[in-house]
Amino acid sequence: MDDLLHVREIRLADIGHIADYWLSSSSEHLLGMGVDLAKLPSREALALALEAQISAPLETKKSYALIWESGGKPIGHSNLNPLELGGQAHMHLHLWRSGERRRGLGTALVRLSLPFYFEKIQLQTLYCEPYALNPAPNKTLQKLGFKLEKTYTTVPGSLNFEQEVHRWKLTHERYKALGFAQ
Ligand SMILES: CC(C)(COP(=O)(O)OP(=O)(O)OC[C@H]1O[C@@H](n2cnc3c(N)ncnc32)[C@H](O)[C@@H]1OP(=O)(O)O)[C@@H](O)C(=O)NCCC(=O)NCCS
């Protein structure tokens with residue numbers, strides 16, 4: 001399966017896919033991820049934010065996104081936001097269509113994303129804080145070897161409502177120890 005999968009940095013042409021995902025996903029899907037529907041941006045605001053992120057030089061990026069491809073087609077994205085280059089960042093994971101979830105793709109694509117985060121961006125610590133009631137990312141992170149640091153209540157991102165989250169952590173050292181380095 002892995003040879004069909006590919007991870008690359010986001011391009012301007014990907015913006016429409018990401019906007020479609022956020023603005024066309026069902027309320028059920030969005031609520032299941034802990035999204036506050038009232039906080040969803042307009043298509044224009046989302047596109048402007050992504051354009052700004054894509055055109056910013058790496059050294060000044062405040063967020064960073066990768067596109068997940070299968071068989072040459074974009075099927076999802078992973079991004080870092082907030083991002084402190086060379087320091088720490090919070091990761092987000094999204095396979096855009098339900099038919100592509102729960103088939104092992106997410107685990108393989110996060111794994112392929114890690115060298116961008118630890119080698120290109122040179123993070124020391126990668127965090128991911130999924131909604132505690134959303135099993136897919138929590139199980140995926142556990143399976144990959146992320147360590148559960150704590151469970152607490154917070155508003156984990158700009159589009160979220162207050163919720164209980166599990167905070168998963170992967171250090172650069174553990175990334176290497178797990179054999180993920182390229
Ligand atoms: C999170 C996500 C990227 C995981 O990718 P995936 O391809 O669906 O996950 P995988 O098939 O690689 O499964 C990894 C593990 O999670 C489990 N899992 C996946 N989806 C699950 C679900 N809905 N319920 C329970 N377990 C689930 C799998 O069984 C597997 O564990 P196992 O090997 O012990 O059986 C994907 O499900 C997704 O994009 N979901 C929607 C967006 C989302 O919720 N993002 C999280 C925001 S932080």
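Below, all heavy atoms of this structure are taken into account, side chains as well, without hydrogens, waters or symmetry copies. Each ligand, and each atom within it, is numbered from 1 in the order the structure gives.
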Novice: Name all residues meeting the side-chain hydrogen bond (donor to acceptor under 3.5 Å, both in side chains) criterion together with Lys62; count only those two or more places apart in sequence or in a different chain, and write none if there are none.
Specialist: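 side-chain hydrogen bond (donor to acceptor under 3.5 Å, both in side chains) list for Lys62, sorted by chain: empty.
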Novice: Roughly how far apart are Arg167 CZ and Glu129 CD, rounded to 0.5 Å?
Specialist: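 Between Arg167 CZ and Glu129 CD, I get 4.5 Å after rounding to 0.5 Å.
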Novice: The criterion is ring pair (Phe, Tyr, Trp, His ring centres under 6.0 Å); which residues satisfy it with Tyr152, sequence neighbours excluded?
Specialist: none
Novice: Scan the side chains in residues 76-90 for donor-acceptor partners under 3.5 Å anywhere in the protein, sequence neighbours excluded, and list what turns up.
Specialist:
{"residue": "His77", "atom": "ND1", "partner": "Trp96", "partner atom": "NE1", "Å": "2.9"}
{"residue": "Ser78", "atom": "OG", "partner": "His92", "partner atom": "O", "Å": "3.0"}
{"residue": "Ser78", "atom": "OG", "partner": "Tyr117", "partner atom": "OH", "Å": "2.6"}

Novice: In order of chain and number, which residues sit within 4.0 Å of ligand 1 by heavy atom?
Specialist: Tyr21, His29, Met33, Leu93, His94, Leu95, Arg101, Arg102, Arg103, Gly104, Leu105, Gly106, Thr107, Asn134, Pro135, Ala136, Pro137, Lys139, Thr140, Lys143
Novice: Hey, what do you get for OG (Ser25) to CZ (Arg97), rounding to the nearest 0.5 Å?
Specialist: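 Nearest 0.5 Å value for the OG-CZ distance: 10.5 Å.
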Novice: With distance as the sole test, does Lys176 use its side chain to make a donor-acceptor pair with the main-chain N or O of Ala181 at under 3.5 Å?
Specialist: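 Such a contact is absent between Lys176 side chain and Ala181 backbone.
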